[in-house]
Amino acid sequence: MTIVGGIIAAVLSLWVAAPLIWGAAAAGVTRGDCASCGVRLEPDARFCASCGATVLS
Amino acid sequence: MNRLMEFAVALAPVFAAWAVAASIASIRTARADLAQSAVRGLVAATACAVIAAAGLTRALIEGDLAVHYVAQASSVLMPVRYVPAALLSAPGGALLMLAALSGIVGLLVVRNASGPARRWATTVVAAAMLVSLLIVAAAATPFALRVARADGAGLSSDLQRGGAVLHGIALLLATVFATASFADTLSALATGGIDDSWSRRTRRWNALAWTSLLIGVVAGARWYAMNPVRGAWLESPVTALWLLPCFAGAWLIHLDAGVQDAKRVVTRLLLGAGAFIALMIAVAFTDGAFLRGVNQGEADVAGALIGIVPVIAIAGLIARLRRGAGVLRAIAGVRAQPKSRLGGWIAHAGFILLVCAAAGSRMSREHTVALRDAEIFRASDPFGHRWQFSSQGMSTLQRENYASLTVSLLARRDDVSMPMLSAEARSYGLASGKESGLPAFITGTLSSLFMETRLTITQPDGKRPTVRIAFVPLAPWVMVGAWLIVIGTLLPLAPARTETPA
């Protein structure tokens, strides 16, 4: 039962961490969208025009 | 299987802590990957809490005495219908259920939020879950393994009543819905989203929370009235604490409907947050449970640590409001909320019935008498009817989980025969043959449209048992009034039956 619990915990942990490991693809965000509200960003934008979030990259 | 449940109990706060940390980090950095990981952490924490809560329910139903919580709050002979009361009578079960249901309802709030508000909603829901889950995992583990005993300590006798079960479940649901409302409000406040959409969403959560709370409070009042061992209903400080959010909620429900101006919206916001905080304080005063039996022994003070939640909630609310009027920039967009004239009539009719019933209870008449076999007692009720009670003596009965001593009186009102009035003194037993605590006194009732006649055993010993006969005017109106208020409150939320004010 401990082994089953360990496997379930490992699978759940991997699923939770997937967006961090595989990045934007796993998070479902396309390059060029605001990471905060999803609105499309201008190519050279440093702030989102919709929500004001800082554009990191 | 129990080890797996213990594992789920240990894992749930880890995921909830991750959800809090990742969502806070995503708010500060605006990173979408962290935000999604936080939501997944919340889903994982909820899944673990649901699995553990389901496992504990199964253990209680099956009477698995190897599980610590079952041995503590249940017994082999306890009927299955009292499993919810056992589940909600100590922090190990009550806070686990609260976390599991808060997670499920909180995920709905998170799903309906968008952009930065989603991150805030994730933070608030996960933080509320985290406190409950940490208490359960660190101080009240329900699955801590023990050497299996022949029987558990048994559920307190006064909790083995339908009213207690309804009271506990309704209070649990009220707390869950109030948590959802608060999470929605705080996330909207943090992102300047106090707008029309927020107004409609929180109205639903508030209506569900308040109607649940009202049912819980009314069921609790009835449960106290039928259980002399509980004492007077309003004498308990915890009862008064449950009443506070009930009054705040009644005001909030009135403000939620109709024309909305800025002052009204701010009052709604503060009342909603206040009701949530008051509910969590009441849970802390019940030591992290929703029910406490008189036979339950020493309180599990670890559960009172849930009082951290209202402290965090107040701090979060003040921190947001200190940002100034900017947090309310969308407040002008809040439109009038639909009212239902029919719903209003029904709810206010229910309220009048409740007020009448409360006034009627002040005019009740009580008589305490000792009656031998065939002895007759005569009395008049507050309406002037003459009653005659002929003692039919005592009888004993052995049920599956209790021995019952019953006193029956043949009642006549104005020389017209009425149904038999019977009251019981129950001694709940364990499989070992021992009694599980103080006896429970079950009140017998005779109800008519305008009055309830109650019979309670106060002293079962000897050949002349002492009984209390009470005439309570308008008592049957309490539950009718409460259900009318519930129907009237929920009616405007049904889209097909709404009408907008002119």
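So that the names make sense, note that chain A is the first sequence line, chain B the second, and so on, each numbered from 1.
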Peer 1: Count the heavy atoms of every other residue, nucleotide or ligand shown that sit under 6.0 Å from CZ of B:Arg58, and state whether that count exceeds 12.
Peer 2: yes
Peer 1: Suppose a student defines contact as a heavy atom less than 4.5 Å from any heavy atom of chain A. Which residues in residues 7-24 of chain B would they list?
Peer 2: B:Phe7, B:Leu11, B:Phe15, B:Trp18
Peer 1: Can you list every side-chain hydrogen bond (donor to acceptor under 3.5 Å, both in side chains) pair that touches residues 3-18 of chain A, not counting sequence neighbours?
Peer 2: none
Peer 1: Distance from A:Ile8 atom CD1 to B:Leu4 atom CG, nearest 0.5 Å?
Peer 2: 5.0 Å
Peer 1: Just to verify, what does B:Arg204 make a side chain to side chain donor-acceptor pair (under 3.5 Å) with, not counting sequence neighbours?
Peer 2: none
Peer 1: B:Arg31 vs A:Leu20, test: side chain to side chain contact (heavy atoms under 4.5 Å, CB included). Steps then yes/no.
Peer 2: CA-CA 10 Å; B:Arg31 277 175 55 182; A:Leu20 299 175; 4.0 Å; yes
Peer 1: For A:Val16, does its backbone N or O pair with a side-chain atom of B:Ser37 as donor and acceptor, under 3.5 Å?
Peer 2: yes
Peer 1: Between A:Leu12 and B:Ala44, what is the shortest heavy-atom contact and its length?
Peer 2: CD2-CB, 3.9 Å
Peer 1: Among residues at least two apart in sequence or on other chains, which ones pass side chain to side chain donor-acceptor pair (under 3.5 Å) with B:Asn112?
Peer 2: none
